[in-house]
Every structure is written in structure tokens, then in C-alpha cells.
2 protein chains.
Amino acid sequence: MSVTDSEQRKNRILEMIIEAYVATTNPVGSELIAKRLRCSLSPATIRNIMGELEEEGFLRQPHTSAGRVPTDRGYRFYVESVMGIRHLSSEEVQQLEGLIQPEELEAEELFDRVCMALAEWTHQAAFVVAPTVKQSKVRQIELVPVGVHKLLCVLVANDEMIASHLVEIQEPMTREEAMALGRFINTELVGLPFSELVSCLERRLLAETDSFYYLVKRSLTILQNALSTEPQERLFLEGLSYLVSQPEFSQKPQKVHEMFKCFEDQQDELLRCLHHTSDHKGLQVQIGNDRALPSLSECSYLHAPFFIAGELAGCVGILGPKRMDYARLCAMVDGMARCVTDVLNQWEHS
Amino acid sequence: MSVTDSEQRKNRILEMIIEAYVATTNPVGSELIAKRLRCSLSPATIRNIMGELEEEGFLRQPHTSAGRVPTDRGYRFYVESVMGIRHLSSEEVQQLEGLIQPEELEAEELFDRVCMALAEWTHQAAFVVAPTVKQSKVRQIELVPVGVHKLLCVLVANDEMIASHLVEIQEPMTREEAMALGRFINTELVGLPFSELVSCLERRLLAETDSFYYLVKRSLTILQNALSTEPQERLFLEGLSYLVSQPEFSQKPQKVHEMFKCFEDQQDELLRCLHHTSDHKGLQVQIGNDRALPSLSECSYLHAPFFIAGELAGCVGILGPKRMDYARLCAMVDGMARCVTDVLNQWEHS
DNA sequence: TCTAGCACTCAACACTTTAGAGTGCTAACA
DNA sequence: TGTTAGCACTCTAAAGTGTTGAGTGCTAGA
């Protein structure tokens with residue numbers, strides 16, 4: 001038997017162990033695997049191989065007389081080298097698009113639906129990290145006086161994102177003044193990234209010779225105020241009940257409490273974590289994460305990016321116990337991300 | 001000993017049992033109560049009284065040789081007749097106002113903060129049922145064309161509530177047309193309740209002689225669309241981790257899963273439930289609720305209304321296990337509700 | 001009307017036993 | 001050299017047993 005043959009067999013056995021464990025939550029013994037292999041190998045041989053896999057750090061035994069359980073490293077190896085990702089058929093993707101296609105036009109509504117649909121579909125806690133206007137460029141900004149000392153500032157980005165913020169203003173502003181200011185903003189600032197608006201206006205203000213000095217100053221105050229409350233990105237989170245009902249957590253209420261505390265109080269941390277590992281490469285799998293978020297050390301999350309006009313815009317993903325059906329769920333998350341990209345780009349062109 | 005004396009004593013003992021049980025989660029025995037009463041009665045006498053309380057349905061025994069535990073009826077009686085509500089001092093209310101007073105001006109932000117602050121303060125899951133523009137009257141409506149086929153419809157109510165909805169329009173609309181339509185709406189419809197806008201416009205449309213026929217028709221389409229996606233009221237929910245960590249639930253993962261499923265999928269039902277029992281009378285306590293929401297049968301919730309311009313606007317409350325410190329929590333919820341009323345009315349007058 | 005005393009009940013805990021699942025090792029076999 | 005049967009060994013989970021102690025209800029007497 002060649003070296004690669006033996007390696008292949010080992011991988012196959014690791015795969016079977018992981019799949020059996022994921023399905024049953026029970027440590028997997030040599031006999032079960034032998035049975036599944038239809039007598040091509042005896043339990044004793046399987047045991048030898050399992051011993052090797054344990055030495056290499058892919059498996060471990062909860063106790064002497066128990067079967068084997070995958071380690072983080074085992075899962076990781078499985079995800080990266082062993083499992084096959086089934087891609088969704090185009091019919092499945094179309095069905096999915098029907099599911100999330102909202103009648104309304106607001107991006108927020110779409111992301112919310114995507115998140116709920118993903119949770120419902122995978123029976124796992126699902127999340128969406130969504131972009132906000134702050135990541136795009138100005139298409140249009142409208143100022144609507146509301147009452148005497150308030151101004152509703154509507155920010156429209158070139159990728160259909162919309163945000164509106166109420167801003168307090170010291171001196172009252174008439175509708176005409178608001179329109180003049182709006183005209184100024186919409187001729188001078190269109191096309192700039194929202195993230196650079198403030199610094200750009202500040203620069204113009206320093207060069208005091210600007211003939212629009214007063215307009216620049218006033219827009220700066222308002223936009224600074226409006227943009228300060230606009231987050232960089234938004235997190236949608238749904239289906240937490242699925243997380244609670246996982247057998248590995250239902251015996252550890254302490255763990256569940258920690259996780260929920262984390263969702264409530266550490267959203268920034270959580271976002272940073274998801275964002276940090278997300279890049280253009282596509283689907284990502286994170287198995288456990290002791291360093292960044294100890295409360296989620298017993299969880300895995302997997303997420304895939306979606307794009308607007310070819311640019312990375314955000315990601316969709318799920319969060320579950322380490323013991324999850326990676327092959328199936330990867331396909332689903334990946335499919336959903338593609339689907340979101342499709343829908344967003346249909347919007348773009350409409 | 002007169003009848004009322006004996007009744008008073010019985011109530012005192014019920015009170016002590018409930019308070020001891022709330023504090024420890026353990027069934028309460030006669031000896032403990034006797035000790036707390038500083039030897040004014042012997043355990044045997046207490047036992048007799050406890051026996052009576054059990055016959056009357058206020059207490060029950062988990063098993064023969066256990067202490068007593070309050071029944072729903074026991075809690076109810078305690079809340080209605082026995083416990084004393086301490087009201088918050090004005091300093092405490094002021095402190096509270098400092099805590100929730102947001103720097104931003106949006107009502108949504110306020111309610112969100114109130115909800116989080118209440119959860120943090122009480123260490124219970126907290127909720128706010130908040131009004132939307134649909135419950136108020138039109139102060140101002142602005143139409144902002146966004147792109148070619150979209151219109152942002154900003155609804156400003158006379159009580160500072162603001163909502164904006166993106167509406168798809170068939171025929172493109174210029175900025176001038178939008179302004180004309182806006183002028184029409186803001187002269188003709190101001191002061192009407194948002195809930196009656198559509199029917200009012202429909203009536204005018206039937207009387208075809210209206211000289212503004214075209215404007216009426218166009219506003220109807222737009223407002224119908226904008227208002228259809230505006231909910232009647234919004235539910236804010238925070239601090240669910242506190243619910244998870246209650247000892248009575250941490251042993252019943254099934255229950256926790258049901259509760260979370262309910263929060264995720266039955267928000268309407270939940271809202272209806274909270275709204276139904278909320279009225280002008282003030283603080284309300286619901287102990288268990290088997291009929292309406294079986295998933296929350298093990299929970300109590302208590303909530304107090306807040307007002308805008310003297311009108312019932314919504315409520316704030318908490319949700320926890322039946323075994324909760326009603327006296328303390330009632331005072332807190334009541335205080336928070338008053339505080340919200342104060343803040344909202346300060347806004348109103350500013 | 002209250003209380004001391006007593007018999008009774010039952011959950012909780014510690015302890016023991018047993019069954020069985022699974023292992024590692026060894027010697028024999030292909 | 002890789003595979004396998006056999007066997008001793010380990011350890012958990014479940015079931016059974018005995019003991020303890022908290023708490024009760026009842027009764028008779030103050």
C-alpha cells in the first residue's frame with residue numbers, strides 16, 4: 001500500500017468519525033466505523049489508525065474507555081482538506097432569492113430578512129455584517145428642517161444605502177436656507193466617500209479664502225453631527241434559540257449566559273472579530289476562538305462575503321457549536337452570500 | 001386574638017415565606033420563619049398557619065417532607081394585598097434621568113437606552129413597547145426624491161416621533177413636483193391622525209369634483225405605501241441573558257429554547273399580550289400567563305405605562321421568573337416609567 | 001390558643017455493584 | 001509489513017442500597 005493510499009484511508013476514517021460525531025453527539029468507537037466501512041477493515045485496524053490520528057492531534061478521548069471525539073485541529077483539517085463542499089444548484093439559489101427578495105426597497109429590510117431566512121434554513125444562529133453609508137460615496141444629501149431646532153439629514157449613497165439622522169441646530173434654519181445648503185452640498189460633495197466628508201470640509205475651512213466659507217462651515221457642523229452617530233457597519237443577529245437548544249450547551253447554562261452576555265454587551269468586539277477575518281477570499285471557517293472572544297470558545301462560525309459593484313461590502317454567516325455539519329452549512333452560507341450579492345447588484349442596475 | 005389580627009399575622013407569614021423563597025430559591029420551612037419572627041411563635045404554630053395557607057391555595061409543597069413554595073395565587077395575593085411598594089425618591093429619579101437622557105434626539109434611541117438601562121438596573125430582561133408615528137397626528141410630511149423611481153417619505157408627528165420610508169414610484173418625480181405635492185400635503189393634512197390619512201384621502205378621491213384630484217391621488221398612493229410598512233408599535237427587548245441565568249431556567253434548557261423561540265417568532269403575539277393588559281391605571285403585574293403565551297408560563301412580567309401629553313403612549317417593563325422580588329422591581333419599573341414620561345414631555349416643550 | 005413531643009415521609013447524598021462500551025497490547029496470520 | 005483475533009484492562013453510566021436530616025402532621029397537655 002502506497003503512502004498516499006494510507007493517507008487517504010486515514011482521512012476517510014477521520015471524515016467518518018467527524019460525520020458520525022456530528023450526527024450523534026456521541027464519541028465514536030472503532031466498531032461503528034468498521035461496520036460503516038462494510039468489513040473492508042477490522043475494528044482492530046481502525047483502532048490503530050485512530051491511535052495515529054490521536055497522536056497527530058486530530059482526535060482525542062474524553063476518557064480511557066470512550067470513543068474518539070474530534071479536536072479543533074481535527075475539524076480544521078476536515079474543513080480544509082477532507083470534506084467536499086457541495087455547491088447549490090442554480091434552482092436552489094433561485095428559490096433562495098425568492099425567499100429573501102423583499103417587497104420593500106430598503107437595504108436594512110433585506111439584511112434583516114436574509115438573516116432570519118438563513119437562521120430558519122440552517123437551524124443555526126445566523127448573522128449579517130452589513131455595510132452602512134459610511135462605507136460608500138455620496139450620491140445625494142438632503143436636509144429637511146423638522147421643527148425649529150432640528151434638521152433631518154438624509155444620506156443617500158451611490159449603492160442604494162440610505163441613512164437619516166436627526167441633528168440639533170443652534171440657529172433656526174428656514175426651508176430656503178436648507179435648500180441652499182443642500183444645493184451647495186449636492187454640487188460640491190457628490191462622489192466623495194462619506195468617511196472623508198468631514199476631513200474634506202475641515203480642509204476647505206482652513207483655506208479661509210473659500211468663497212463658500214459660511215456654507216462650508218454650516219455643512220461641516222451638520223454633517224459631522226449626522227455622521228458621528230452613523231456606525232461603520234451593522235450587525236444583524238437571529239435564531240439565537242437554535243444556539244440554546246444545542247445539546248452541548250443545554251447542559252451548561254453558565255456557558256449560555258456568557259454567550260448571551262457577549263451578544264448584548266460585546267457587539268463591537270464581535271463585529272471586529274467577524275470583520276477582521278473576513279476578506280475577499282470567500283467562505284471562511286473559524287473553529288473556536290479562545291483569544292478574541294472567550295465566551296464563544298465553544299462555538300464555530302462560518303461566513304462568506306457579499307459584494308456591491310465588485311467591492312467587498314459585508315458578510316453573512318452562522319454561529320453554532322463546533323460540532324456542526326460543516327459540509328452542508330458551508331454550502332448554505334456560501335449560497336446565501338452569492339444570493340445576497342445577486343440581489344444587491346440587481347438593485348444597483350434597476 | 002381578633003379575626004383581623006389573625007389575618008394580619010397570616011399575611012405577615014406569607015410575606016416572609018415569599019421573601020425567603022425569592023431570596024434563596026429553596027422551599028421555606030416552619031423553623032426558618034419561627035427564627036425570623038424572633039421566637040414570638042413556635043415552629044409548630046407556624047406549621048398550622050402554613051397548613052391553612054396551603055389549603056387556601058397560596059402555598060404548596062413540592063413533596064411531603066419539603067418546605068413551602070408560593071403558588072401563582074400566593075404571589076398575586078402578595079403583590080395585591082401584602083407587599084408595600086416603595087416609591088423612588090426624587091433624587092433617584094433624577095439619577096435615572098441622567099442615565100437615559102440621550103445626546104441624540106431620536107425617540108428610538110431613547111427607548112433603546114431606556115430598555116438597556118432597565119435591564120442593567122434590575123438585572124432582568126427588560127422591554128419597552130414604544131409608540132410609532134401611526135399613533136399620533138401629522139405635523140409635517142416631507143417627500144425627498146431619491147434616484148429616479150424612489151421617494152423617501154419622512155413622516156413627522158406632533159409628538160417628536162419620526163419615521164421615514166422609501167417608496168417606489170411608477171412615474172419619475174422631479175424635485176419640483178415633489179415640493180408641490182409636499183406643499184399640498186402639508187397644508188391639507190396637518191393635524192390629522194396618521195392612522196386616518198389613507199381613509200381621508202380615499203374619501204376625497206370619491207368626491208371626484210376635488211380640484212386637487214391629481215394631487216390627492218398621488219399622495220394617496222405614496223402615503224398608503226409608506227404607512228403600510230409602518231408598524232403600530234415597536235417592541236424593544238434587552239437583557240435576555242439575565243433570563244437565561246435564572247436558576248429555575250438553567251435546569252430546563254427546553255423551556256429556555258421555547259422562550260427564545262417565542263421572542264423571535266411571536267413578537268406580535270407578545271406585543272398584543274403586553275398591550276392588551278396595559279391601560280391608564282398604572283403599574284400592572286402579570287404572574288404566569290398560561291393562556292396567551294404558553295412558552296412564558298413560567299414567567300412573570302410587570303410593566304407601567306408612560307404618557308405623551310397626557311395620553312397613554314406605551315409601556316416599559318421587565319420579564320423574569322415568577323420568583324422575583326416584586327416589591328423592589330415594581331418600584332423600579334414604576335420609577336422608570338415616570339422617568340420616561342418626564343423626559344418625553346421635556347422634549348415636547350423644548 | 002399555643003406548643004412540645006413524636007412518629008412519619010421523602011429527597012439528597014454517599015456508597016457499592018454491575019453492565020457494557022471501548023481501548024491497547026500481543027501474538028499469530030497473510 | 002500490514003492486518004486481525006483475542007484478551008485483559010479501564011472507565012462511565014445506571015441501578016440499587018443505606019443513611020441522614022429537614023420538614024411535616026398529629027396529639028395531648030399547658
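Per chain, numbering begins at 1; letters A, B, ... match sequence-line order.
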**Asked** So, is A:S65 near the phosphate of C:dA21, with a side-chain N or O under 4.0 Å from OP1 or OP2?
**Response** no

**Message:** Base, sugar-phosphate or nothing for B:Q61? Non-hydrogen atoms, less than 4.0 Å.
**Reply:** sugar-phosphate

**Message:** Are the side chains of A:V285 and A:Y75 in contact, using a 4.5 Å heavy-atom criterion?
**Reply:** no

**Request:** State whether the number of non-hydrogen atoms from other residues, nucleotides or ligands found under 6.0 Å of A:E80 atom CD is greater than 12.
**Result:** yes

**Message:** Between A:T64 and D:dT12, is there a contact of a side-chain N or O with OP1 or OP2 at under 4.0 Å?
**Reply:** no

**Message:** From CG of A:N48 over to P of C:dG22, roughly how many Å is that when rounded to an integer?
**Reply:** 17 Å

**Asked** Which of the following nucleotides, D:dC26, D:dT3, D:dG6, is nearest to the side chain of A:R47?
**Response** D:dG6

**Request:** Mind calculating the distance between CD1 (A:I49) and P (D:dT1) to the nearest angstrom?
**Result:** 17 Å

**Asked** Under 6.0 Å between ring centres, would you say that holds for B:F260 and A:F260?
**Response** yes

**Prompt:** Should A:P70 and A:R323 count as side-chain neighbours, where that means a heavy-atom distance under 4.5 Å?
**Reply:** no

**Prompt:** To the nearest Å, how far apart are A:L53 CG and C:dG22 P?
**Reply:** 17 Å

**Complete:** From CD of B:E52 across to P of D:dT24 the rounded distance in Å is 14 Å

**Complete:** A:R9 atom CZ is separated from D:dG2 atom P, nearest whole Å, by 9 Å

**Spacing between A:L37 atom CG and D:dT3 atom C1', to the nearest angstrom** = 14 Å

**Item:** Proximity to the side chain of B:R68 - top-ranked nucleotide from C:dC2, C:dA4, D:dG25
**Value:** D:dG25

**Item:** Atom-pair distance (CD on B:E54; P on D:dC26), nearest Å
**Value:** 11 Å

**Item:** Between P of C:dG22 and CD1 of A:I33, the distance in whole Å
**Value:** 11 Å

